[in-house]
Amino acid sequence: MAAAAAAAAWVRAVFLAAVAASAAEALGLDVHHRYSATVREWAGHRAPPRGTPGYYAALAGHDGLRRRSLASAARGGEVAFADGNDTYRLNDFGFLHYAVVSLGTPNVTFLVALDTGSDLFWVPCDCIKCAPLVSPNYGNLKFDVYSPQKSSTSRKVPCSSNLCDEQSACQSASNSCPYNIEYLSDNTSSSGVLVEDLLYLITEYGQPKVVTAPITFGCGQVQTGSFLGSAAPNGLLGLGMDSKSVPSLLASEGVAANSFSMCFGEDGHGRINFGDTGSSDQQETPLNIYKQNPYYNISITGAMVGSKSINAKFSAIVDSGTSFTALSDPMYTEITSSVSIMFN
C-alpha cells in the first residue's frame, strides 16, 4: 500500500508539473479497452479472439459491471436497450454488428443483428425452421426462442393493422398478420406472423430507470439461407425509415425522438442509443429521401484511388446489415481500372 501511495504521489507531481509548464498546451491520455491489442500486449492477457462469440460473451460480462458503476453518470434525452447500449461486431456471425435485447413477460433475451437496410424486427419464434439454439460455432453462447403463449403481455397483430403489409394473404381482418421478407443475400429470408410485446429499455439520463415499450415484431417461424447459422441466427433488428422499424415505433409510442445513433469502434465494440438528436455543432451528411425507396441514401461526390481523384457523382445506401461495399457501373469500372493501373 505504501508503494502504491508513493507511486500515486509521483504521478500527481508529474501531472502538476506538466500543467504548470504549459497551461495552454492540451494534455491527453490514451484510453484502451481491456481486450484491445495494446492491453493484451502489456499484460499478456489471453482474451478471446476479436469478433468471436467468446469475445462478445466476455465483453458483455464486463460491461454489465461497468454499466452499474457508471449509472449515475448517464446523460440525458436518450434510451438504450435494458441490457445496455453496447454493440458488438461478430466475425463468426457474418461480420455484422449485434446488440442484446429483452422481450416479453417474463422477459427473454436475444442477440440480434442491427440492420439499417431493413425495417422489421424479428426473432426466432415457435420455430418450424430456425437456426440451432446451440452450436460449436456459437462458442459458449446458447440462444433462446420467443413464444407468444409463454408471454403474458404478448398480443397478436391482426390483418386489419396498418402495420400489416400482407393483407392480401389474410382470410379475414381478424387473422394474425403474416410477414415474409426476402433479403439481398442468396436464398435468405424470414417469415412468420406479426406480434406485439414489451421491449425493455433504460433511460440514459438522470437516474436510470427501466422503460417498457410495446413493440411490433416478427414471430420468425421459418428462416432460410444465412439466417440458419452464418448470420443473425438469433434475430434481426430493423432500423430503417419505415413506420414498422424500431426507431419509428418508439417514436410513435412517445418513448424517444424519431432518431438514433450508432458508433462502431475499431475493435468492433460500439454503442446504440435511441432518441439521440446529436449536437448543434456536429457535421452532417444530408440524406436523399425517396418515398419509393426509403433507405438511408447519401450522395457520393467523388473518390480517391491512391493519388488519383475520380470525379463521379452517385448515390449509395448506408447499410449496417451488409459487411461489404458494392458499387455499380460506371463507378465500379472506373475505380477498379484505377486500382489495376496502380498495380501494373
Side-chain angles (χ1 to χ4, degrees), residues 81 87-90 93-101 103 110-125 129-131 146 157 161-167 169 177-197 199 213 215-252 256 258-262 264 270 272-274 287-298 315-326:
F81 296 125
T87 66
Y88 312 94
R89 185 187 67 237
L90 297 182
F93 294 155
F95 291 86
L96 304 179
H97 296 269
Y98 292 80
V100 179
V101 302
L103 289 168
F110 299 89
L111 178 67
V112 297
L114 304 173
D115 187 14
T116 59
S118 66
D119 299 299
L120 185 67
F121 170 28
W122 62 263
V123 295
C125 165
K129 185 180 180 182
C130 301
Y146 175 86
V157 175
S161 169
N162 57 6
L163 295 177
C164 184
D165 295 330
E166 302 285 342
Q167 293 181 350
C177 175
Y179 82 89
N180 180 61
I181 304 177
E182 301 282 341
Y183 293 84
L184 290 178
S185 299
D186 287 343
N187 300 315
T188 297
S189 67
S190 177
S191 60
V193 295
L194 296 186
V195 296
E196 180 187 285
D197 210 334
L199 174 68
I215 202 88
T216 297
F217 60 96
C219 171
Q221 298 165 327
V222 177
Q223 274 64 254
T224 64
S226 298
F227 294 149
L228 292 179
S230 60
N234 202 216
L236 183 142
L237 190 132
L239 294 165
M241 303 178 72
D242 189 79
S243 59
K244 59 180 175 290
S245 74
V246 171
S248 297
L249 291 172
L250 293 180
S252 67
N258 194 6
S259 61
F260 68 95
S261 64
M262 285 198 295
F264 304 132
I272 180 169
N273 291 85
F274 298 96
L287 294 176
N288 303 316
I289 306 299
Y290 304 120
K291 290 185 177 180
Q292 301 302 319
N293 191 21
Y295 296 104
Y296 298 108
N297 188 296
I298 62 173
S315 61
I317 294 171
V318 179
D319 184 3
S320 65
T322 302
S323 58
F324 58 89
T325 297

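The shown structure was predicted, so the numbers you read here are calculated from the model rather than taken from an experiment.
In this structure, His97 and Ile272 have side chains that are not in contact, with every pair of non-hydrogen atoms separated by 4.5 Å or more. Contact check for Leu287 versus Asn297: no side-chain heavy atoms found under the 4.5 Å cut-off. At least one side-chain heavy atom of Leu90 sits under 4.5 Å from a side-chain heavy atom of Leu111. At a threshold of 4.5 Å between non-hydrogen side-chain atoms, the residues Leu163 and Leu249 count as touching. Here the side chains of Asp197 and Tyr146 are in contact, with some heavy-atom distance below 4.5 Å. Counting heavy atoms from C-beta outward, Leu237 and Phe81 have side chains that approach closer than 4.5 Å. You'll find the side chain of Asp165 stays beyond 4.5 Å of the side chain of Tyr179, heavy atoms only. Inter-residue side-chain proximity for Leu250 and Ile215 is flagged as met; some heavy-atom pair is nearer than 4.5 Å.
No hydrogens or angles considered: nothing links the side chains of Ser190 and Tyr183 as a donor-acceptor pair under 3.5 Å. Thr224 and Ser189 share a side-chain donor-acceptor pair at under 3.5 Å.
Under the 3.5 Å distance criterion, the side-chain polar atoms of Ser226 are left unmatched by any main-chain donor or acceptor of Ala231. Remark: side-chain polar atoms of Asn234 are not paired, donor with acceptor, to backbone N or O of Val123 under 3.5 angstrom. Side-chain atoms of Ser320 come within 3.5 Å of backbone atoms of Leu114 as a donor-acceptor pair (strictly under, hydrogens ignored). Judged by distance alone, with hydrogens and angles left aside, the side-chain atoms of Ser245 form no donor-acceptor pair with the main-chain N or O of Gly238 at under 3.5 Å. Looking only at distances, no side-chain donor or acceptor of Thr216 sits under 3.5 Å from a matching main-chain atom of Leu194.
Note: Phe274 CZ to Asn258 CG = 11.0 Å, rounded to the nearest 0.5 Å. Atom CG of Leu103 is separated from atom CG of Leu199 by 5.5 Å, given to the nearest 0.5 angstrom. Distance check, rounded to the nearest 0.5 Å: CE of Met262 to CG of Asn273 gives 11.0 Å. Remark: Leu184 CG to Asp319 CG distance equals 7.5 Å, nearest 0.5 Å.
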Step by step, would you call Ile181 with Ser118 a side-chain contact (heavy atoms from CB on, under 4.5 Å)? CA-CA 9 Å; Ile181 304 177; Ser118 66; 5.8 Å; no
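For Tyr295 and Tyr290, the distance between ring centers is not under 6.0 angstrom.
The side-chain hydrogen bond (donor to acceptor under 3.5 Å, both in side chains) search around Asp242 returns Lys244, not counting sequence neighbours.
Ring pair Phe121/Phe217 is tilted by interplanar angle, where 30° to 60° counts as tilted. Taking the six-membered ring where the residue is Trp, Phe227 and Trp122 present perpendicular rings, their angle passing 60° and hence far from 30°. Relative ring orientation between Phe93 and Tyr98 is described as perpendicular, the plane-to-plane angle rising above 60° on a 0-90° scale split at 30° and 60°.
For residues 223-237, no residue pair satisfies the salt bridge (Lys or Arg N to Asp or Glu O under 4.0 Å) rule, not counting sequence neighbours.
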